[in-house]
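Heads up: the structure comes next, in structure tokens.
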There are 2 protein chains.
Amino acid sequence: MAITIKDVAKFANVAPSTVSRVIADNPRISEKTKKRVREAMEELGYHPNFIARSLASQSTEVIGLVMPGSADKTFQNPFFSNILRGLSESAHEKNYALQMTTGKTVDEIYENVVHMVQGGRVDGLVLLNSRADDKIMEYLRKRDFPFVVIGKPYMHEEEITHVDNDNFRASKEATEYLLELGHESIAFIGGDLSLVVTIDRLLGYEKALRIAGIELNNQYVIHEEFLREGGREAISELLKLSDHPTALVVADDLMALGVLNTLAELNISVPEDISIVSFNNVLFAEVANPQLTSVDINIFTLGYEAAKNLILKINNPNEPVKRIIIPHKLIIRESSAKKH
Amino acid sequence: MAITIKDVAKFANVAPSTVSRVIADNPRISEKTKKRVREAMEELGYHPNFIARSLASQSTEVIGLVMPGSADKTFQNPFFSNILRGLSESAHEKNYALQMTTGKTVDEIYENVVHMVQGGRVDGLVLLNSRADDKIMEYLRKRDFPFVVIGKPYMHEEEITHVDNDNFRASKEATEYLLELGHESIAFIGGDLSLVVTIDRLLGYEKALRIAGIELNNQYVIHEEFLREGGREAISELLKLSDHPTALVVADDLMALGVLNTLAELNISVPEDISIVSFNNVLFAEVANPQLTSVDINIFTLGYEAAKNLILKINNPNEPVKRIIIPHKLIIRESSAKKH
DNA sequence: TTGTACGCGTTATCAG
DNA sequence: CTGATAACGCGTACAA
């Protein structure tokens, strides 16, 4: 058995509670005693037991990350590592540990969240990619459990702290950029329509077209998974149409990559035949051939701010609800060009 | 305050200890009582408190992941997400949670590990990328704390359970492949020499050359970080030499990507002027231009087996030490060709 | 300024 | 088969 607070107390000739106070740096303890106790801790190699501390203080100093769907798929997108990097750095700065929950199905994930929360495993949660039918959010709200959302909540937007981009504007700008290049047949490839991020980007795209006086075409809007496969399928659908689009707004770099791959196989050149603008600007965008014009959404910062504000909220229940908008920026590369 | 075991006990008219036994599905409790208690739990919406359970049972059902160096850099390499995917899936299957420790410096990471271990936050640890001077491993061994290593331990290899590839053989084969293509000036670009994986791959490379009767050239061996920047710098070094190599063995895809980028800028073509074989076969390898010939090391499986065997060890202290070798396979793509 | 005693929610031991 | 009761290690009113 490891060294406990009692051992230290005995060694330093004080009561356990005094040791506890020294750990908390309680000002009511004399410097002399503090010094003596600290020496004892050093001498014995004492380290506080987190579990016991958690039980007594009802807080764990752990935050959890909830992934939206199949962990397997989420991990494949570099978007995720960048989010994780931000979360991790932020948590680390505040001495919080980061724990992940995974699950294969929505129900399984929900169960895991309930277990974590009721089981007191974490002090707060970061939710990734909110969707329309979010049971988890509902549950957390009902229990008044601290959480922040990365992305925009589908409902109760004004009452939930979230970190997001202005996806509507970003998508509108991306589409306008393609319009300026002379494109008029512009298609949109997004994720599942239950994902708020897809909705926002779709609306921005539509708005830009409407302003330009271009009629919306239902067949030009495709929804697939945020994976390479998704992109491949989406472009295949579009190419079946009698009149292809000459430009695409793609809601994710990895999807765009799939599009590129399929087009390359069909000997359709980018940007000569089809221009592409995608989102996220992960490393892939730069590495792809041709390099992808992509909207940088500062993924790291999304994660960083999410964790930071969650921890703020955990430590101050009266922390006001915040909507944090992370800036975006269109990075122009080789995949987009003037219409021929 | 949430529902506790006591509330359930009262509701079901039994003692708390009985409820505890029902949770553990203790066979000495009558089915009738079990049913009654379970109904009470259901009725009250009871969920066991993990923290209290951990304190009493001295186990947390959490495993930790220790990253080797700057988390910031580690996250950038897709190798990491794949490891994480494997760990996560395996942990999830066994109902373990996964927690990450990060830190900017080696000392900071060491401190965090000590805190986690002594603080009883985790039941076991997975160590990523062992290096020569591993204080952490020494510490864990001294405390007899359960851990497994991904990669090969530098010391006490026979006494530490680890999951690894046969990097020596993989590298030897990769080099032999280049030799078969007619190359004789083959350089090696690896990570820091304190990383065991670098050592193994370097040795395999040297072995292949020696067997082929080719003299080793110190200037042909470069060590940089497993990042794109590292690759860029490495190839720049090599190109300063009066006689460049015509082929490269690169210990990491992301590095190889940096090499490709730099070569492209200098109008040196791959594979016409220089052939490249790299390691890991992450998605980048396939996406790069030209596509990278790369040794697939089954990253997911490395992670999966690591977590699996760690949990095995946690639950059975007498579990024998294991060395688990994950198979590798050379995937030939466009970056390698016969010497002109 | 410091010590005593209890509670946090479980599990485990020992009776019965 | 079930019920008291004592840990588990720490935080914290309340006392002194």
Side-chain angles (χ1 to χ4, degrees), chain A residues 1-38 40-41 44-62 114-123 315, chain B residues 1-38 40-41 44-62 95 115-123 315:
Chain A
M1 200 63 26
I3 305 289
T4 77
I5 213 169
K6 284 183 194 164
D7 302 319
V8 178
K10 244 175 239 160
F11 194 89
N13 263 316
V14 293
S17 54
T18 303
V19 178
S20 176
R21 290 188 183 105
V22 172
I23 294 169
D25 205 16
N26 188 316
R28 297 190 316 188
I29 300 288
S30 73
E31 279 308 322
K32 217 177 74 190
T33 318
K34 276 189 186 171
K35 187 163 173 244
R36 190 149 46 91
V37 171
R38 285 191 180 125
M41 300 195 325
L44 298 175
Y46 168 78
H47 283 263
N49 182 312
F50 281 106
I51 305 298
R53 171 184 289 199
S54 298
L55 187 59
S57 66
Q58 303 285 49
S59 89
T60 61
E61 312 242 303
V62 177
V114 173
H115 268 73
M116 283 195 113
V117 171
Q118 314 245 23
R121 260 196 207 274
V122 294
D123 291 348
N315 294 311
Chain B
M1 200 62 27
I3 305 290
T4 77
I5 213 170
K6 285 182 191 164
D7 301 318
V8 177
K10 245 174 239 163
F11 193 90
N13 262 315
V14 293
S17 50
T18 303
V19 178
S20 176
R21 289 191 184 102
V22 173
I23 294 169
D25 204 17
N26 188 317
R28 298 190 317 189
I29 301 286
S30 72
E31 279 309 321
K32 217 176 71 190
T33 319
K34 277 190 184 170
K35 187 164 173 246
R36 190 150 45 93
V37 171
R38 285 191 180 123
M41 299 194 325
L44 299 175
Y46 168 78
H47 284 262
N49 181 312
F50 282 106
I51 305 298
R53 172 182 288 196
S54 297
L55 185 59
S57 67
Q58 303 284 49
S59 88
T60 60
E61 312 242 304
V62 177
N95 283 314
H115 268 74
M116 284 194 113
V117 171
Q118 314 247 19
R121 260 197 208 274
V122 295
D123 291 347
N315 294 311

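B/Ser17 is linked by a side chain to side chain contact (heavy atoms under 4.5 Å, CB included) to B/Ala15, B/Arg21, counting only residues two or more places apart in sequence or in another chain. Legend: residues meeting side chain to side chain contact (heavy atoms under 4.5 Å, CB included) with B/Asn95, ordered by chain and number and at least two apart, are absent. Taking B/Glu61 as the reference, A/Arg121, B/Tyr96 meet the side chain to side chain contact (heavy atoms under 4.5 Å, CB included) condition, with sequence neighbours excluded.
A/Gln58 has no side-chain polar atom (N or O) that falls below the 4.0 Å cut-off from OP1 or OP2 of D/dG11. Distances shorter than 4.0 Å separate some side-chain N or O of B/Arg53 from OP1 or OP2 on C/dT11. One finds no side-chain N or O of B/Thr4 lying less than 4.0 angstrom from the OP1 or OP2 phosphate oxygen of C/dG9. Here B/Thr18 reaches the OP1 or OP2 of D/dG3: one of its side-chain N or O atoms lies under 4.0 Å away. At least one side-chain nitrogen or oxygen of B/Ser20 sits closer than 4.0 Å to the OP1 or OP2 atom of C/dT11. For A/Ser17 and D/dT12, the shortest distance from a side-chain N or O to OP1 or OP2 is not below 4.0 Å.
If you take CZ of A/Arg121 and C1' of C/dT10, they are 14 Å apart, rounded to a whole angstrom. Residue A/Arg21 contributes atom CZ, which lies 10 Å from atom P of D/dT12 at whole-angstrom precision. Following rounding to the nearest Å, B/Leu55 (CG) and C/dG9 (P) show an atom-to-atom distance of 12 Å. In this structure, B/Lys10 atom NZ and C/dG9 atom P are separated by 12 Å, rounded to whole Å.
Considering CZ of A/Arg38 and CG of A/Asp25, their distance stands at 5.0 Å, rounded to 0.5 Å. With rounding to the nearest 0.5 Å, the separation of CG in B/Leu44 from CD1 in B/Ile5 is 12.5 Å. In this structure, OG1 in B/Thr33 is found 9.0 Å from CD in B/Glu31, a value given to the nearest 0.5 Å.
Residue A/Val14 is classed as a sugar-phosphate contact, given heavy-atom separations below 4.0 Å to backbone atoms only.
When the shell of 6.0 Å around NZ of B/Lys10 is examined, it contains 12 or fewer heavy atoms from other residues, nucleotides or ligands.
Using cut-offs of 30° and 60° on the angle between ring planes, the pair B/His115 and A/His47 is perpendicular.
Between B/Met41 and B/Ile23 the shortest side-chain heavy-atom distance falls below 4.5 Å.
Proximity of residues 23-37 of chain A to DNA chain C (heavy atom under 4.0 angstrom from any strand atom) is restricted to A/Arg28, A/Ile29, A/Ser30, A/Thr33. The stretch residues 44-52 of chain B comes close to DNA chain C through B/Tyr46, B/His47, B/Pro48, B/Asn49, B/Ala52, each having a heavy atom under 4.0 Å from the strand.
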Stepwise side chain to side chain contact (heavy atoms under 4.5 Å, CB included) check, A/Phe50 with B/Thr60: CA-CA 11 Å; A/Phe50 281 106; B/Thr60 60; over 6 Å; no

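Overall bending of the helix from C/dT1-D/dA16 to C/dG16-D/dC1, expressed as the angle between end axes built from five pairs apiece, is 40° (10° steps).
Taking every heavy atom of both residues into account, B/Lys6 and B/Pro16 meet most closely at CG-CG, 4.3 Å.
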